[in-house]
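Any value given below was found using the heavy atoms of this structure, including those in side chains, with hydrogens, waters and symmetry copies removed. Chain letters run A, B, ... following the sequence lines, proteins first, then strands; residues in each count from 1.
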Amino acid sequence: MARVLITSALPYINGIKHLGNLVGSQLPSDLYARYMRARGHEVMFICATDEHGTPAELAAAKAGKPVAEYCAEMHAVQAGLARGFRLSFDHFGRSSSPQNHRLTQHLAGRLRAAGLIAEVSEKQVYSPADGRFLPDRYIEGTCPNCGYERARGDQCEECTKQLDPTDLINPRSAISGSTDLEVRETKHLYLRQSALRDRIDAWIDSQTGWPVLTTSIARKWLHDGDGLQDRGITRDLDWGIPVRDGTDDWPGMEGKVFYVWFDAPIEYISATAEWAEANGLPDAAWRRWWRTDEGADDVRYVQFMGKDNVPFHTLSFPATLMGSGEPWKLVDYIKSFNYLNYDGGQFSTSLGRGVFMDQALAILPSDYWRWWLLSHAPESSDSEFTWENFQASVNKDLADVLGNFVSRVSKFCLSKFGPAVPDGGEWGDRETALAAEINRRLRVHEGCMEAMEVRKSAAELRAIWVLGNEYLQEAAPWSVFKSDPAAAAMQIRLGLNLVRLYAVISRPFIPDAAAAMMAALGCDDWSWPEDASAALRLLEPGHGFSVPDMLFRKITDAERDDWAQRFSGTRG
RNA sequence: GGGCCUGUAGCUCAAUUGGUCAGAGCAGAGCGCUCAUAACGCUUUGGUUGGGGGUUCGAGUCCCUCCGGGCCUACCA
């Protein structure tokens with residue numbers, strides 16, 4: 001048994017996430033966590049809401065609530081949706097937790113002591129009307145290059161030219177529209193990533209088998225131009241983790257907070273501490289996952305994220321941990337995903353384009369979505385959600401191939417033999433061959449799951465479902481029953497055992513359906529089928545079962561068209 | 001501008017990384033079965049792997065070029 005630490009990129013607090021966000025980190029990480037648990041490994045699966053930063057403050061203001069209250073509410077909403085999608089986090093924390101305050105301040109202090117923090121005075125745009133410094137992208141104005149009137153301070157979206165806020169003509173606050181802007185001097189802390197560049201570079205080089213997407217993004221940042229640049233890790237905001245040197249004041253930095261991307265990854269660790277506290281466990285319980293000097297040496301740490309998060313996880317966060325000089329556990333494997341698009345364009349939170357987590361659950365149970373999203377995960381390139389494809393996959397894979405198999409086996413048994421696993425008959429060549437084929441395919445499936453090849457894993461799982469239908473077709477118990485009832489009993493006994501086997505191996509993908517299958521069989525033995533031959537004899541003659549309700553219903557053309565219409569534009 | 005990824009049957013995607021690999025699922029066609037959610041099984045029609053050029057005994061797989069799609073480019077997170 002191994003110990004596996006799994007983290008999903010933290011969803012940002014300012015609203016309900018869409019399916020693209022879900023499939024980029026939380027869902028595949030859940031698949032992996034569930035599979036690892038199913039194989040008997042000790043798993044710590046961590047996620048949290050990422051609560052700091054300007055967008056959170058603005059979203060709270062828009063909602064007319066204090067930011068702390070807003071975040072608490074949105075955390076509860078996101079936690080509820082996570083439960084709705086059956087995301088099996090051991091802990092779903094908050095980056096605003098006391099634990100994260102302490103650890104972030106501690107690590108900043110360590111970095112300072114190691115000489116890896118630089119204090120830099122710089123000029124930033126301040127808006128008296130908004131009462132805040134404005135990040136570059138919150139300043140709008142006319143592009144000096146192309147004349148576009150709504151260019152942002154970081155880049156003109158029209159001509160893609162990189163801009164400095166002071167380049168803009170007629171600059172104004174994107175928040176209030178105020179043109180009363182001034183440039184103020186302010187001091188900030190920079191993490192001297194440049195000083196750690198060689199160490200990080202060597203560390204990235206030492207990794208094998210990481211997705212190209214992961215390493216290519218990291219190398220680009222390491223080698224582009226002058227190489228890895230220092231990064232500002234503080235902001236002039238109210239909401240965040242106050243800048244401190246461990247538990248001491250940091251002179252000159254009063255009133256400033258750490259930048260969200262400094263404290264967010266640290267929350268992976270802090271959330272594990274939150275988990276320990278929530279469960280009444282001592283610090284040693286979480287430190288054995290994170291401190292290589294306190295037991296984390298044998299931990300395998302895997303991170304899941306969308307490609308936009310890769311720089312922070314390959315560079316900034318490792319720099320933070322390495323630079324601390326303390327033996328923190330570094331990530332062993334980074335699984336990154338491309339984007340999921342929606343019907344010819346991008347999902348858009350602002351435009352309400354696409355399907356959001358709450359809406360998805362209002363339409364169909366989570367298993368339908370889990371299956372489609374996982375079997376179409378954007379691994380090698382961006383992928384696309386279309387209602388036609390969703391309908392086809394759900395109806396064929398879930399309803400026809402798996403659901404109907406369970407239905408035909410259980411109903412046939414009930415009508416011919418009654419509500420218990422029938423006795424009689426012996427396995428022949430066909431059954432032996434089936435067990436061998438299941439073993440073979442299962443080993444392939446396991447290899448894909450181990451390697452986090454999500455789509456292939458789904459395809460292999462489906463192929464194993466198909467084997468059940470092929471077997472029934474060849475064995476034809478409905479025909480055999482007429483001449484040799486005992487042989488038919490053996491065949492259908494195998495079929496019922498196949499249902500249990502399917503429940504076990506399908507559980508990481510479709511946990512609710514798996515539970516329904518197992519419940520109908522009156523069984524609670526979730527042991528992994530190491531050997532199909534034995535697993536297919538697990539339910540013995542006389543064991544009672546019931547016919548489950550329809551596992552998956554079909555999506556009608558009318559529903560498909562209705563949904564396509566409903567989610568094409570404006571949310572609500 | 002620079003960098004990276006990507007373009008394979010109508011659709012969604014595979015090809016152990018130069019050597020029978022041109023494949024699977026869906027859709028289409030034909031046949032079979034009747035236990036089942038008009039479900040299942042078998043067979044089968046589709047591609048000169050975006051265009052062009054090159055390297056090689058041999059290239060979706062390497063190089064050049066052109067065309068198309070996407071992402072990143074450090075103050076959104």
Side-chain angles (χ1 to χ4, degrees), chain A residues 9-14 21 50 52-56 58 122 124-125 133-139 152-155 160-162 164-165 188 193 211-213 215-217 219-221 223-225 228-232 235 259-261 264 306-312 315-316 338-339 341 346 375-376 378-384 386 388-389 391-393 395-416 453 455-456 458-459 462-463 466 468-481 488 491-492 495 547 549-554:
Chain A
L10 309 187
Y12 197 62
I13 195 69
N14 69 339
N21 298 129
D50 176 12
H52 299 134
T54 305
L58 297 180
E122 55 194 15
Q124 283 205 340
V125 174
F133 281 93
L134 297 177
D136 291 354
R137 66 158 29 211
Y138 284 102
I139 302 162
R152 294 188 323 208
D154 55 344
Q155 181 178 39
T160 73
K161 184 177 172 60
Q162 302 283 306
D164 191 85
H188 281 297
Q193 298 184 140
V212 177
L213 187 62
T215 50
S216 65
I217 292 173
R219 292 212 169 90
K220 159 73 169 158
W221 284 55
H223 302 301
D224 191 42
L228 187 59
Q229 302 297 298
D230 296 342
R231 176 178 276 271
R235 292 291 183 272
Y259 174 44
V260 50
W261 264 110
K307 57 186 167 187
D308 52 332
N309 274 329
V310 169
F312 302 102
L315 307 168
S316 310
N338 286 285
Y339 292 146
N341 289 317
Q346 295 193 334
S375 61
H376 294 78
E379 290 179 297
S380 57
S381 64
D382 291 354
S383 66
E384 177 161 316
T386 65
E388 291 75 14
N389 192 308
Q391 177 194 32
S393 292
N395 289 0
K396 194 69 193 175
D397 301 345
L398 296 181
D400 293 346
V401 176
L402 177 62
N404 182 55
F405 174 78
V406 173
S407 181
R408 63 196 296 208
V409 167
S410 57
K411 286 184 177 174
F412 179 80
C413 186
L414 182 66
S415 72
K416 303 298 185 199
E453 301 224 40
R455 303 174 84 124
K456 281 189 190 172
R462 183 191 191 281
V466 168
N469 285 311
E470 289 176 354
Y471 172 77
L472 280 190
Q473 184 64 31
E474 279 188 38
W478 50 88
S479 175
V480 172
F481 180 77
Q491 292 166 345
I492 217 64
V547 174
D549 292 335
M550 184 179 285
L551 283 180
F552 297 100
R553 72 175 185 83
K554 296 202 182 190

Between atom [atom1] in [X] and atom [atom2] in [N], what is the gap in whole Å?
X: A:Tyr339; N: B:rC4; atom1: OH; atom2: P; result: 19 Å
X: A:Gln229; N: B:rA74; atom1: CD; atom2: P; result: 10 Å
X: A:Met550; N: B:rA38; atom1: CE; atom2: C1'; result: 12 Å
X: A:Asp397; N: B:rG25; atom1: CG; atom2: C1'; result: 8 Å
X: A:Tyr471; N: B:rC33; atom1: OH; atom2: C1'; result: 16 Å

Separation of the [atom1] atoms in [N] and [M], to the nearest angstrom:
N: B:rG58; M: B:rC42; atom1: C1'; result: 37 Å
N: B:rU8; M: B:rG60; atom1: C1'; result: 6 Å
N: B:rA22; M: B:rA15; atom1: P; result: 16 Å
N: B:rU45; M: B:rC26; atom1: C1'; result: 15 Å
N: B:rG46; M: B:rA27; atom1: C1'; result: 11 Å
N: B:rU16; M: B:rC72; atom1: C1'; result: 31 Å
N: B:rG50; M: B:rA59; atom1: P; result: 15 Å
N: B:rG70; M: B:rG52; atom1: P; result: 24 Å

**Prompt:** Within the stacking criterion (centroid distance below 5.5 Å, interplanar angle below 30°), does A:Phe412 stack on B:rC35?
**Reply:**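 Aromatic stack with B:rC35 absent for A:Phe412.
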
**Asked** B:rG46: syn or anti, with syn meaning chi within 90° of zero?
**Response**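 B:rG46: syn.
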
**Message:** Is B:rG47 syn or anti, taking syn as a glycosidic angle within 90° of 0?
**Reply:**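 Anti, which is what one calls it when the glycosidic angle falls more than 90° from 0.
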
Output all residues satisfying salt bridge (charged side-chain N to carboxylate O under 4.0 Å, His left out) with [X], sequence neighbours left out; order by chain, then residue number.
X: A:Asp400; result: A:Lys554
X: A:Arg408; result: none
X: A:Asp136; result: none
X: A:Glu388; result: none

**Comparing A:Phe312 and A:Leu228 on RNA chain B - which has the more 5′ nearest nucleotide** =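 Nearest-nucleotide comparison on RNA chain B picks A:Leu228.
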
**Request:** Select from A:Ala264 and A:Lys220 the residue whose nearest nucleotide in RNA chain B is closer to the 5' end of that strand.
**Result:**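 Residue closer to the 5' terminus by nearest nucleotide: A:Lys220.
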
If you only use heavy atoms from C-beta on, which nucleotide in [options] is closest to the side chain of [X]?
X: A:Pro135; options: B:rU73, B:rC4, B:rC76; value: B:rC76
X: A:Ala392; options: B:rA77, B:rC26, B:rC75; value: B:rC26
X: A:Tyr138; options: B:rA77, B:rC76, B:rC75; value: B:rC76
X: A:Ser407; options: B:rU37, B:rC26, B:rC75; value: B:rU37

Quick one: closest heavy-atom pair of [X] and [Y], and the distance?
X: A:Asn389; Y: A:His376; answer: OD1-NE2, 3.2 Å
X: A:Asp397; Y: A:Arg462; answer: OD1-NE, 2.6 Å
X: A:Asn309; Y: A:Ala9; answer: ND2-CB, 3.4 Å
X: A:Ala488; Y: A:Pro477; answer: CB-O, 3.7 Å
X: A:Met550; Y: A:Arg553; answer: SD-CA, 3.9 Å

Could you pull out all residues at least two apart from [X] that satisfy ring-ring contact (aromatic ring centres under 6.0 Å, His included)?
X: A:Phe552; answer: A:Tyr368
X: A:Trp261; answer: A:Phe312, A:His313
X: A:Phe405; answer: A:Tyr502

Are the side chain of [X] and the backbone of [Y] linked by a donor-acceptor contact shorter than 3.5 Å?
X: A:Tyr12; Y: A:Ala56; value: yes
X: A:Ser407; Y: A:Gly403; value: no
X: A:Glu379; Y: A:Arg455; value: yes

**Message:** For Watson-Crick and G-U wobble pairs within 3.5 Å on both distances, what is RNA chain B written in dot-bracket notation, | included for inter-strand pairing?
**Reply:** (((((((..((((.....[...)))).(((((.......))))).....(((((..]....))))))))))))....

**Prompt:** So does A:Arg462 get a side-chain nitrogen or oxygen closer than 4.0 Å to the phosphate oxygens (OP1/OP2) of B:rA24?
**Reply:**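 No, no such contact exists.
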
**Prompt:** Think A:Tyr259 has a side-chain N or O under 4.0 angstrom from the OP1 or OP2 of B:rC76?
**Reply:**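 So the side chain of A:Tyr259 is outside the cut-off, no N or O lying under 4.0 Å from OP1 or OP2 of B:rC76.
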
Please list, for nucleotides 39-41 of chain B, all pairs of protein and nucleotide N/O atoms separated by less than 3.5 Å.
residue, atom, partner, partner atom, Å
B:rA39, OP1, A:Lys554, NZ, 3.2
B:rA39, O5', A:Lys554, NZ, 3.0
B:rA39, O2', A:Asn404, OD1, 3.4
B:rA39, O2', A:Asn404, ND2, 2.2
B:rC40, OP1, A:Lys396, NZ, 2.9
B:rC40, OP2, A:Lys396, NZ, 3.4
B:rC40, O2', A:Arg408, NH1, 3.1
B:rC40, O2, A:Gln473, OE1, 3.1

**Request:** For A:Ala459, check side chain to side chain contact (heavy atoms under 4.5 Å, CB included) against everything at least two apart and list the hits.
**Result:**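 A:Ala459 satisfies side chain to side chain contact (heavy atoms under 4.5 Å, CB included) with no other residue.
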
Just the table, please: protein N/O against nucleotides 15-17 of chain B N/O, every pair under 3.5 Å.
residue, atom, partner, partner atom, Å
B:rA15, OP1, A:Lys456, NZ, 3.0

**Fill in**
Readout for nucleotides 6-13 of chain B: B = base within 4.0 Å of protein heavy atom, S = sugar-phosphate only, - = neither; 5' to 3' it is S-----SS

**Asked** Which part of the nucleic acid, if any, lies within contact of A:Gln124, taking any heavy atom under 4.0 Å across all strands shown: a base, the sugar-phosphate backbone alone, or nothing?
**Response**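 Base: the residue A:Gln124, judged by heavy atoms under 4.0 Å, touches a nucleobase.
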
